[in-house]
Amino acid sequence: MTSVLTRRKFVQLSVASVALFSAGGRAATWFAPSLTYPSIKAGNVAKIEVGKPAYFNYPDNRAQAVLVKLGKPALGGVGKDRDLVAFSASCTHMGCGVQYKGERFVCPCHQSMFDPAKSGQVYQGLASEWLPQIPLRVQPNGDVVATAVEGLIWGRVKNV
Amino acid sequence: MALFERRDHLPLPPKGAKTYNTVCQYCNVGCGYKVYVWPVGEEGGPGKDQNAFGADFTNPQPPLVGLNYTETMHSVVQGRDGREYHVAIVPAQDSPINRGDYSIRGGTNALTTFSPTRGTQDRLRYPLLRLGDQFQAVTWQEALTLMGRVIKGIRDRDGNDDNLTVKCYDHGGSGQGFEDNYGAGKLFFDALSIRHIAIHNRPAYNSEVWGSRERGVHELNYDVSDARLADTVVLWGANPYETATVFYVEHILPNLKGATLGEKKAAFANGEPAEPGYLIVIDPRKTSSLTAAEVYAKDRVLHLAPRLGTDYILANAMARVVWERGYYDPDYLKARTDMTLFEDYKKKSLKLGTPYDAFMDEAETITGVPRAQIEQAAEWMAKPKGGGQKRRTLTIYEKGIIWNMKNYDQVAAVVQLAVLTHNIGRPGTGCGRQGGHQEGYVRPPAPTPGSIFNGGPPVNVDKLLTSGKGKFYWVIATDPYLSTPNSQFFRKRIHERTQKLTEALGRAGEPGTVQAWADKILQVLYEDPDALFMVVQDIYMTDTARDAHLILPAAAWGEANDTSINCNSRLLRLYEKFTDPPGEAKPDWEIFKWVGMRLAELYRADGRREEAAKFEFGKDWKTDEDVFLAGSQEFKDNAVSEADEATLEAENYKGVTYSFLKEVGQQGIRTPVRRDPATGKLVGTLRRYTHRFGSSDGKFKWYGTDDWEGYPPEVDKYLKGEAPERYPFWVTTGRAQTIWQTAYHDRNLPEKTLALPLPYVEVNPEDARRLGLAGGDLVEVYNEEGNGTFMVYVTDAVQPGMLFLVMYHWRGTSNSLTSGYTDPKTTIPWYKGTRAALRKVAGALPSLHQTASTLQQNRFE
Ligand code: SF4
Ligand code: FES
């Protein structure tokens, strides 16, 4: 489903979807993933340690994402312990970079806290939307690949 | 794996989208918002000049300073013209209150718009009439006739309005404002004379802060800038990180971080020292406001955790320290306060007859707060700064003081401490409420009494109803089945009483005409004195509505123009209408108007013209603004000098019009508004009581508080004999940032319901270990008043031996367990203190555990 897109193809795709949407005259819902996302390697299962976040850029190099191994099963977790999850690292409140601090993400700006085991749920703080989760796929060689973003990355009106 | 539908693309409002100014519908802070409405099918472009935001989305917005436009800030509504419209509701960057910031509550404003295809489809659209065990749609025509006939039938028969009981808000925000309050006031106090009326969150018609008002201090007296300028901020029974969120993170925390030093230097007198702010949190819990502040300024944060109910003793002890150490200005006290009454304060509150050490020992014993901490708090509040300059302390209190035992004395003690230290009326000072919701009170004088010192206390309408009195109960925009104290008993009795009428009406077949309905209702109400007719007027089918006989659909926020003030600055703004109410729903003021008009018709038909005329109060009210302007006539002439602002009502807005408010937009105007005698222009009041207090002679009226008398019988019963073993926990209650009030909107939002599926109880780790409890376990918390099933959060926010219950959750309200105690001086309940037992429930609900987070809150490090 997902593939690495060239810039040109990306532009064509987005034009097509706008046209479709306008012609229908009804509200497009744009339930994520409604866009075509690149597949990008976020890490390798052999190298990721429990509790050590790995930051990577996704879906483009202006967006930071974070991959963590929680050491306990998580919603949407991959790997043999189903504990590997990735999220957009931009706080959904006002866009600061969230920090992984043992089991949770904490935003240094106004202390919103997100639970990575529960789909990035805001369990305290100001953010009114959960952290966008990045569905992952594990390749036979152990590479963990980011495949989409479920939720709008703060500061954008379109993820890609 | 998303647990609910997420979006990865949002439409931008095109240039030319309809744009409105408004204010958040939720909390006291009153953050500004902008609303954009445009037809589906149109879309703006990402360039700065291609969209109505005027924001550049060709690149990601910059963190903190960029425009916030998130998934929860967009929705689609169905217009009455059959077209779909996009609605975007984003925090206003030009608001002096939030400066573009927002909270988890206000961030979802857009999702609360009515749509037939989202959770808000549950909105009430038509009047509903109970037929046995069903509700059926009726027209307004019929609903109003039924209301009119029953109300008139009761008052004609009784010769007074005492069997007519009402529960109605008195505030702004949440879709109410000056307009709705005035409509209510005209109907209930001018046309009718309702004495048995209670305010939305309490069982009587009273101020929650008579202890302050009767001193000459209205509870909203500071400005948002004072939170930035204060040397010390005191949060007393107030937890703004949860309940006044943006005020806390945009104004108080920056002060602690030192980010407002420049403002301090500019505002302070020459040579006056300025440093990053200090914070004193007085609360039985380690609140998130405390722990969030500790992230930035651990050595400038002090936590005092008094035993439940003992805050006024603590306030008096701090005042005694101030007295002993001379942290007060005798000239100020002489010039501005009533020195005759001061003697009483010295005797009863400061207890100058008791030696200092003995007094402090006693205070420590009662409050459980170490003497050293009491002294340190007094220093941080009042010890003069270098050069002998007075310290600037802003004291913000809220429900921990108000909904404490002995409401009157608690509030009075806190305010007196502030006045003793001249911490009011100067930049960086003030002593007032944080507030819950926004405000917007304007009504004719109520026929209800004041505190015990002013003809009261007022009648406890809950108790009146549960004791079997009253025949008609009109519940407006509040859900007492969740929100009233001792609510389990209240629910049981109201159900029993309304059911008596329901059954009697059904017994001989339901009547077929409105006239026959009304006659039959009246007949039953007078045959069976326990029978009760209940009307619920609201935006949703509330918990209380399930026992109603008639349900009236009201308009919500954004569905009518309204006006309110916020609590941190008394900032008056216009909340513009941007969408239509669903179905036949109407703004409250209009419902009150039409009930009045129908009563007028019925009286005219009886030939009682004079009576009829009283009920035609709304006949010239065509628009929201007509009501706003009519309300302003209740206020005093406001052509007074700045020094005389204290003589005005706190909400006086005489002279303000909608067009004035449109012009000032998010800048608003601070009440009390004055018409400046020199210029003839309308001016706001930044901060109150700089020149005089709001008493008849302008002097502060001291009050000698009561001695410590232990706990009232309703709670003391849990402390006698073996009861402490059976009910081993102290219980306190409060709110969480996530949900607003009874969560009437939030319960439709997956972001909220997945995170908070059940009410929760905070248990200290020590207690949890002893009882074998883990986060996410289900427990029953119970006492002799009631019980509820709560999800466990293990946290050191509560001390060992204490539980904290979140209030008002729709799956079980903490108020089932609270006692029926009210302060004998004011009839204000003690929602925040009782005792209970806790047992682990057998089995589990694994799906809840799987989806709801139980990570420890308040731990930010
Ligand atoms: S802090 Fe209060 S007013 Fe501001 S957005 Fe949140 S709920 Fe609304
Ligand atoms: S930006 Fe993360 S909490 Fe505000």
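So that the names make sense, note that chain A is the first sequence line, chain B the second, and so on, each numbered from 1. Hydrogens, waters and symmetry mates are skipped; everything else that's a heavy atom, side chains included, is used.
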Among [options], which has the most heavy-atom pairs under 4.5 Å with chain A?
options: B/Gly106, B/Ala852, B/Pro91, B/Gly66; value: B/Ala852
options: B/Tyr248, B/Tyr102, B/Tyr69, B/Phe57; value: B/Tyr102
options: B/Val65, B/Thr854, B/Thr851; value: B/Thr851
options: B/Val249, B/Leu10, B/Asn68, B/Leu855; value: B/Leu855
options: B/Arg105, B/Glu861, B/Lys752; value: B/Glu861
options: B/Arg7, B/Arg83, B/Glu5; value: B/Arg7

Determine whether A/Leu35 and A/Lys158 satisfy the following criterion, side chain to side chain contact (heavy atoms under 4.5 Å, CB included), listing intermediate values before the conclusion. CA-CA 9 Å; A/Leu35 309 164; A/Lys158 204 171 182 190; 3.7 Å; yes
Donor-acceptor side-chain pairing of A/Glu129 and B/Thr72 below 3.5 angstrom: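 A/Glu129 vs B/Thr72: no donor-acceptor pair found between side chains.
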Counting heavy-atom pairs closer than 4.5 Å to chain B, which one of A/Arg104, A/Gln99, A/His110 comes out on top?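 So the answer, after comparing A/Arg104, A/Gln99, A/His110, is A/Arg104.
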Does B/Arg118 form a side chain to side chain donor-acceptor pair (under 3.5 Å) with B/Asn748? I'd like the steps, not just the answer. CA-CA 8 Å; B/Arg118 286 183 279 114; B/Asn748 293 314; over 6 Å; no
Chain A heavy atoms under 4.5 Å from B/Leu754: which part of the residue, side chain, backbone, both or neither?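 For B/Leu754, backbone and side chain are both near chain A.
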Tell me, for B/Phe53 versus chain A, whether the close heavy atoms (under 4.5 Å) come from the side chain, the backbone, both or neither.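 Neither part, no heavy atoms under 4.5 Å.
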Side chain, backbone, both or neither: which part of [X] has a non-hydrogen atom closer than 4.5 Å to chain B?
X: A/Pro73; result: neither
X: A/Glu103; result: both
X: A/Val122; result: both
X: A/Val149; result: backbone
X: A/Trp154; result: side chain
X: A/Ser90; result: neither

Are B/Arg859 and B/Asp796 within salt-bridge range, i.e. N to O under 4.0 Å?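 B/Asp796 and B/Arg859: not salt-bridged.
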Does a salt bridge link A/Asp83 with A/Lys69, judged by any charged N lying under 4.0 Å from a carboxylate O?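 A/Lys69 and A/Asp83: salt-bridged.
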So, B/Thr120 side chain and B/Ser115 main chain: donor-acceptor pair closer than 3.5 Å or not?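 Pair found, side chain donor or acceptor close to backbone of B/Ser115.
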Given A/Phe105 and A/Phe87, is the ring-ring contact (aromatic ring centres under 6.0 Å, His included) satisfied, shown in steps? CA-CA 10 Å; A/Phe105 291 112; A/Phe87 293 88; 5.7 Å; yes
Report yes if the SG atoms of A/Cys107 and A/Cys91 are separated by under 2.5 Å, and no otherwise.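 Judged by the SG atoms alone, which are 2.5 Å or more apart, A/Cys91 and A/Cys107 are not bridged.
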